[in-house]
Amino acid sequence: MDSKIIKADFKLEKMESAKRIKDNNELKIGSEIFDKQTLQTLYKLSKQSYLDILNGAISTGKEANVLIGLKDNSTFVAVKIYRISTSDFRKMRYYIQGDPRFNVKSHSKRQLINAWVNKEFRNLNRAHENEVSVPKPITATNNILLLEFIGDTDGNPAQPVRNQKPEDPDNFADKVLFELKKFIHDAKLIHGDLSSFNILNHEEYPVIIDVSQSVVLDHPIACELLDRDILNLHKEFNKMKVKISVDEIKERINYYEIFK
Ligand SMILES: Nc1ncnc2c1ncn2[C@@H]1O[C@H](COP(=O)(O)OP(=O)(O)OP(=O)(O)O)[C@@H](O)[C@H]1O
Ligand SMILES: [Mg+2]
C-alpha cells in the first residue's frame with residue numbers, strides 16, 4: 001500500500017480516537033463527516049498527493065466542516081468537507097437550477113452535494129482568476145473541497161472579521177469594497193452570504209470565503225441577493241463604527257452598472 005495512504009489512515013484513526021476520549025459531541029461530528037464515501041475520497045486525495053495528513057478542525061458549520069490538512073509535511077491546506085446528513089438540499093437545488101453553468105437532473109443527494117462543491121470550486125476559481133482576494137482553489141472531489149489555507153506559517157488560521165476586528169476599520173472597509181467590486185464586475189458573481197463570518201481578516205487584509213451559494217449575474221435571484229449582501233455589509237460596517245450609508249456603498253461598487 002502507498003505509504004501516504006497509511007499515513008493519512010493512521011492520522012484519521014488517531015483523530016477519531018482522540019475525539020472519542022475528549023468529547024462525545026465531537027465524536028458525533030467526527031463519525032458524521034467521516035462516512036465511508038468521505039473516507040474513500042480522502043484516500044483518493046491522498047493518493048493523488050493533494051493531502052497527507054488531517055491536522056485538526058478549524059470550524060464546524062451548518063453544512064460543512066473545515067479542517068487543516070498538511071501536504072508534504074510542510075504546506076497547509078484547508079479541507080472543506082460537506083456533510084450529506086445536514087445539507088439543505090432544497091436550497092442547493094434552487095441555487096443550482098438557476099445557474100446556466102450546471103445541468104443537474106439527478107435526484108440523488110450525493111450528486112447534488114457534489115455539484116454544490118463543484119460550484120464553490122468554480123466560483124472560487126473565477127474570483128481568483130479575476131484577482132479577487134479569495135483562497136485559491138486546489139481541487140474538488142465529491143463532497144470535499146481543497147483550498148489554499150489562509151493563515152500564518154505555523155498553521156494558525158486567519159480569523160473571520162467577526163472574531164478579529166480590524167485595527168483600522170475605515171481602511172479595512174475600503175479594501176472590502178474594492179474586493180467586492182472586483183468580485184461583482186470582474187468575476188461577475190454575487191456572493192449571496194456576505195457577512196463578518198465570511199470575510200477573513202488576514203493580516204489586516206480581507207479575504208472573501210464561503211462562495212458555494214454565489215450566483216452568476218443572470219441568475220434569477222442575483223439582484224435580490226445583491227441587495228441583501230449590501231444591507232448586511234452596511235450593518236457590519238456600522239458595527240465596526242465605519243460611517244457609510246447604503247447609497248455610498250452602492251456608489252462605491254458601481255451598483256447601477258451591474259445589471260445593465
Ligand atoms: N481557506 C481557509 N483558510 C483558513 N480558514 C478557513 C478557510 N476557509 C474557511 N475557513 C474557516 O472555516 C470557517 C467556515 O468556512 P466556510 O464559511 O467556508 O464554511 P461554512 O460557513 O461552514 O459553510 P456552510 O455555512 O455552507 O456550512 C470560516 O469561518 C473560517 O474560520
Ligand atoms: Mg461561512
Side-chain angles (χ1 to χ4, degrees), residues 26 28-30 32-33 38 45 50-51 53-71 75-96 109 112-128 132-140 142-166 176 179-180 183 189-215 225 228-229 232-233 236:
E26 276 199 58
K28 202 177 139 245
I29 296 160
E32 210 176 5
I33 61 165
T38 304
L45 290 167
Y50 283 117
L51 188 69
I53 293 172
L54 281 179
N55 215 15
I58 308 179
S59 142
T60 304
K62 282 188 314 297
E63 293 170 313
N65 294 52
V66 179
L67 301 123
I68 303 180
L70 204 54
K71 183 181 172 310
T75 315
F76 293 105
V77 287
V79 185
K80 186 167 181 178
I81 304 180
Y82 278 88
R83 292 190 301 272
I84 311 286
S85 53
T86 49
S87 291
D88 183 347
F89 296 102
R90 234 165 50 99
K91 175 184 151 196
M92 286 181 176
R93 185 165 290 130
Y94 182 65
Y95 276 61
I96 285 178
K109 289 186 172 176
L112 197 57
I113 288 225
N114 296 352
W116 189 252
V117 173
N118 191 247
K119 181 161 162 332
E120 181 159 14
F121 178 82
R122 288 179 63 173
N123 285 343
L124 275 178
N125 224 0
R126 198 155 149 157
H128 187 258
V132 184
S133 175
V134 293
K136 185 179 191 303
I138 301 167
T139 190
N142 300 328
N143 60 326
I144 303 183
L145 175 69
L146 294 191
L147 55 163
E148 177 190 1
F149 173 78
I150 307 296
D152 67 17
T153 47
D154 293 329
N156 301 305
Q159 292 300 306
V161 177
R162 172 67 56 115
N163 302 339
Q164 193 177 333
K165 301 278 175 277
V176 169
E179 293 300 331
L180 183 60
F183 194 89
L189 290 168
I190 303 297
H191 188 284
D193 191 15
L194 211 54
S195 73
S196 57
F197 288 108
N198 289 334
I199 301 173
L200 301 181
N201 180 353
H202 185 222
E203 295 164 2
E204 299 304 316
Y205 202 91
V207 180
I208 299 173
I209 60 162
D210 208 357
V211 300
S212 58
Q213 72 293 316
S214 301
V215 297
L225 289 181
R228 198 176 70 186
D229 277 351
N232 283 341
L233 202 56
E236 303 289 2

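Residues take their numbers from the sequence shown, with the count starting at 1. Atoms within each ligand, like the ligands themselves, are counted from 1 in listed order.
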Okay, side chain of [X], backbone of [Y]: is any donor-acceptor separation there less than 3.5 Å?
| X | Y | answer |
| --- | --- | --- |
| Asn123 | Leu189 | no |
| Asp154 | Asn156 | no |
| Asn201 | Gln164 | yes |
| Asn232 | Ser195 | no |
| Ser212 | Trp116 | no |
| Lys119 | Val211 | no |

Exercise for the section: Quick one: look at Asn198 and ligand 1, take heavy-atom pairs under 4.0 Å, and tell me if it's side chain, backbone, both or neither. Expected result: side chain
Contacting atoms of ligand 1, where contact means under 4.0 angstrom from a heavy atom of [X]:
| X | result |
| --- | --- |
| Ser59 | 12 (O), 13 (C), 14 (C) |
| Pro135 | 1 (N) |
| Phe197 | 29 (O) |
| Gly61 | 22 (O) |
| Pro160 | 29 (O), 31 (O) |
| Glu63 | 26 (O), 27 (O) |

Give the residue and atom name of whichever protein heavy atom lies nearest to [atom], and the separation in Å to one decimal.
| atom | answer |
| --- | --- |
| atom 11 (C) of ligand 1 | Ile58 CG2, 3.8 Å |
| atom 1 (N) of ligand 1 | Glu148 O, 2.8 Å |
| atom 7 (C) of ligand 1 | Ala78 CB, 4.2 Å |

Any nitrogen or oxygen of [X] lying under 3.5 Å from a nitrogen or oxygen in ligand 1? Just yes or no.
| X | result |
| --- | --- |
| Asp210 | yes |
| Lys62 | yes |
| Ile150 | yes |
| Phe149 | no |

Exercise for the section: Please work out which of Lys80, Lys136, Arg162, Arg83 has its closest non-hydrogen atom nearest to atom 16 (P) of ligand 1. Expected result: Lys80
Practice task
Look at atom 28 (C) of ligand 1 and find which of Val66, Leu147, Ile209 reaches it with the closest heavy atom.
Solution key: Ile209
Measuring from [X]:[atom1] to [Y]:[atom2], what's the distance to the nearest 0.5 Å?
| X | Y | atom1 | atom2 | answer |
| --- | --- | --- | --- | --- |
| Thr139 | Asn118 | OG1 | CG | 9.5 Å |
| Asn143 | Asn114 | CG | CG | 6.5 Å |
| Phe89 | Ile113 | CZ | CD1 | 4.5 Å |

Exercise for the section: With Leu45 as reference, evaluate Ile144, Ile138, Val79, Val77 under the side chain to side chain contact (heavy atoms under 4.5 Å, CB included) test and give the passing residue. Expected result: Ile144
Completion exercise
The single option from Leu225, Ile208, Leu233 that satisfies side chain to side chain contact (heavy atoms under 4.5 Å, CB included) with His191 is Ile208
Handout entry: Under 2.8 Å from the Mg ion (ligand 2) - protein N/O/S, by chain and number
Key = Asn198 OD1, Asp210 OD2
Completion exercise
Nearest heavy-atom contact between Asp229 and Gly192 is OD2-N, 2.7 Å
Exercise for the section: Consider ligand 1: state whether an atom of it lies below 4.0 angstrom from any non-hydrogen atom of Ala64. Expected result: yes
Practice task
Compare all side-chain heavy atoms of Leu124 with those of Leu145 and state whether any distance is below 4.5 angstrom.
Solution key: yes
Problem - Salt bridge flag under 4.0 Å for residues Lys62 and Asp88 - result: no
